Amino acid sequence: MGLTKLALIGLTTLGAVAGLQHDQKPLFAEETGQAPISGDKKPLVSSDALQDTISSSKLLARAKRLYKIAKLSEDEYNHPTRVIGSKGHLGTLKYIYKTLQQLGDYYTLSEQPFPAVSGNIFEARLLLDLDLAESAYPMSLTPPTPKKQPVDGQLVLVANDGCHKSDYPSSVDGNIAFIRRGTCPFGTKSELAGKAGAVAAIVYNYEDTPVTGTLGTPSPHHVATFGLSGAEAAPYIAKLKHSKKVEATAYIDAVVDSIMTTNIIAQTTEGDPDNCVMLGGHSDSVAEGPGINDDGSGSLALLEIATQLTNFSVNNCVRFAWWAGEEEGLLGSDYYVDVLPPAENKKIRLFMDYDMLASPNFAYQVYDARNEVNPVGSQQLRDLYVDWYVAHGLNYTFIPFDGRSDYDGFIRNGIPGGGIATGAEGIKTADEVAMFGGEDGVPYDVCYHELCDNVNNLNLTAWELNTKLVAHSVATFARSFEGFPERADDGYAVAEAKSGQYEKTVKYHGSKMFI
Ligand SMILES: *[C@@H]1O[C@H](CO)[C@@H](O)[C@H](O)[C@H]1NC(C)=O
Ligand SMILES: *[C@@H]1O[C@H](CO)[C@@H](O)[C@H](O)[C@H]1NC(C)=O
Ligand SMILES: *[C@@H]1O[C@H](CO)[C@@H](O)[C@H](O)[C@H]1NC(C)=O
Ligand SMILES: [Zn+2]
């Protein structure tokens with residue numbers, strides 16, 4: 001059903017965007033779109049003029065609409081959500097698409113369908129020597145234990161970091177592999193454990209803290225896999241090293257499904273198509289809640305700016321993206337960049353990521369993107385945000401540029417990137433309270449990935465202010481790339497060498513650790 005409906009709202013492929021066919025119109029523009037505003041020459045966009053169009057009341061009205069859309073999922077999920085595959089997400093896509101369609105031919109609109117994996121964990125438990133392991137978390141996208149039943153086995157210590165076949169002793173067969181975190185992704189460890197015949201796997205941390213990870217792209221060899229804190233693992237490691245036995249019982253009831261979902265892309269028909277400023281937010285939420293801050297705040301800021309921009313002309317092309325499957329591991333943005341032909345890659349001068357702009361206990365956070373380890377231009381973008389906060393007499397903090405949102409695929413593929421955010425599950429410090437107000441010792445967003453991420457979970461001051469900054473970023477580059485490094489300066493060889501450095505700094509792929 002979902003797919004048929006998607007197809008109905010006008011299916012064009014990436015080819016339309018990539019090929020930049022300016023005569024390509026949304027299928028239903030004639031029927032439902034307003035007549036394009038044309039004739040009078042529109043003024044060239046300016047930062048101040050575009051910022052002036054932004055108001056928290058318009059943003060809030062959109063947030064209320066989005067919450068109603070999230071409630072469409074209640075039948076199936078018993079609560080509002082916009083997770084991929086739900087009616088709430090389908091409704092979100094329709095809302096974004098229709099809103100853009102009503103802007104006439106200012107934008108070339110396209111959908112980019114792609115297959116996405118989506119995991120659901122119903123129940124999970126790990127016993128070690130009959131004690132419940134308190135810090136054991138099943139990895140995202142883990143398969144269930146065999147027949148979705150508990151399995152018993154000996155805990156078998158794997159050598160090194162368990163990144164090679166030879167690290168797995170033959171005694172792993174029929175037992176539970178106990179693997180140290182590090183060096184290679186969790187998915188690789190689970191796969192090697194499966195190939196060695198393990199009935200389940202546990203990845204224990206090299207730090208005292210728990211591991212909330214993802215196995216990433218499913219493999220037929222993956223086995224049910226938990227993460228475990230280093231602190232809780234320590235006594236069992238000691239026992240095993242003294243050749244004592246540890247009995248384990250693992251139980252995971254879970255499913256991994258593959259579903260089709262879609263990115264939505266809107267590109268100005270005006271403006272130099274060989275020099276695009278691109279920006280994105282994600283249209284989906286987690287299953288646990290409606291995702292009004294994460295990332296309603298970013299995706300609605302983009303929708304509002306896309307609407308307001310139509311009263312202006314642009315020199316450079318502006319390309320907006322609403323990614324799907326971000327919460328399952330940056331699936332939509334990864335897919336987009338993966339299938340982008342090299343010539344099209346080069347036309348994207350930079351990518352700006354806007355994910356969570358209105359956290360209730362916010363800080364003004366700027367991704368610490370640096371030309372040293374990121375494609376050249378990333379640092380100039382970082383400084384554009386910094387300069388704006390400074391010019392407004394506001395404080396800001398730098399946060400790691402470590403793969404937690406949709407910029408990741410762009411950076412790995414040589415496209416300069418950056419963005420701003422207001423904070424997720426991290427805890428606000430006393431220093432930050434002096435800088436931004438709010439409460440110390442409390443997360444930036446107490447409702448991060450929870451049911452209470454609703455319309456009350458927005459700080460409107462932060463949302464309006466950051467949306468103005470997003471407008472500033474759009475207007476600046478829509479006018480001119482003067483002083484911004486050319487893509488040609490940052491050839492593929494450099495991009496590749498850098499992506500090696502970048503990978504060393506990256507532990508996340510989306511909200512979950514993957515390594
Ligand atoms: C564009 O400007 C006109 C005239 O000021 C205004 O009436 C209209 O609402 C604006 N368009 C949008 C999309 O806000
Ligand atoms: C910026 O932070 C300092 C403390 O580091 C604080 O004194 C100042 O009031 C803050 N500025 C604003 C605008 O909040
Ligand atoms: C938003 O943040 C500002 C500045 O810290 C604060 O004055 C205001 O009360 C907050 N609004 C809400 C709704 O929490
Ligand atoms: Zn997000």
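Here the structure is a predicted model, which is why all the values come from computation and not from measurement. First listed ligand is number 1; within each ligand, the first listed atom is number 1.
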Exercise for the section: Report the part of Asn311 (side chain from C-beta onward, or backbone N, CA, C, O) that has a heavy atom under 4.0 Å from ligand 1; answer both or neither where that applies. Expected result: side chain
Handout entry: No-hydrogen, no-angle side-chain donor-acceptor test under 3.5 Å, Arg487 and Asn345
Key = yes
Practice task
Please identify which atoms of ligand 1 are closer than 4.0 Å to at least one heavy atom of Thr307.
Solution key: 13 (C)
Practice task
Please work out which of the three classes, parallel, tilted or perpendicular, describes the rings of Tyr354 and Tyr385, given edges at 30° and 60°.
Solution key: perpendicular
Problem - Pair listing, ring pair (Phe, Tyr, Trp, His ring centres under 6.0 Å) test, anchored in residues 431-463, at least two apart - result: Tyr364-Phe436
Problem - Those residues that, when tested against Ser405, pass side chain to side chain donor-acceptor pair (under 3.5 Å) (two or more places apart) - result: Asp353, Asp355
Problem - Ion pair check, Lys428 and Glu439, cut-off under 4.0 Å - result: no
Practice task
State whether a side-chain donor-acceptor pair under 3.5 Å links Ser140 with Thr214.
Solution key: no
Practice task
Looking only at distances, please establish whether an N/O atom of ligand 1 is found under 3.5 Å from an N/O atom of Gln308.
Solution key: yes
Exercise for the section: Return the set of residues passing side chain to side chain contact (heavy atoms under 4.5 Å, CB included) with Pro360 (not counting sequence neighbours), or none when no residue passes. Expected result: Asn293, Asp445, Asn457
Practice task
Below 4.0 Å from any atom of ligand 2, which residues have a heavy atom? Give them in chain and number order, please.
Solution key: Gly393, Asn395, Ala434, Met435
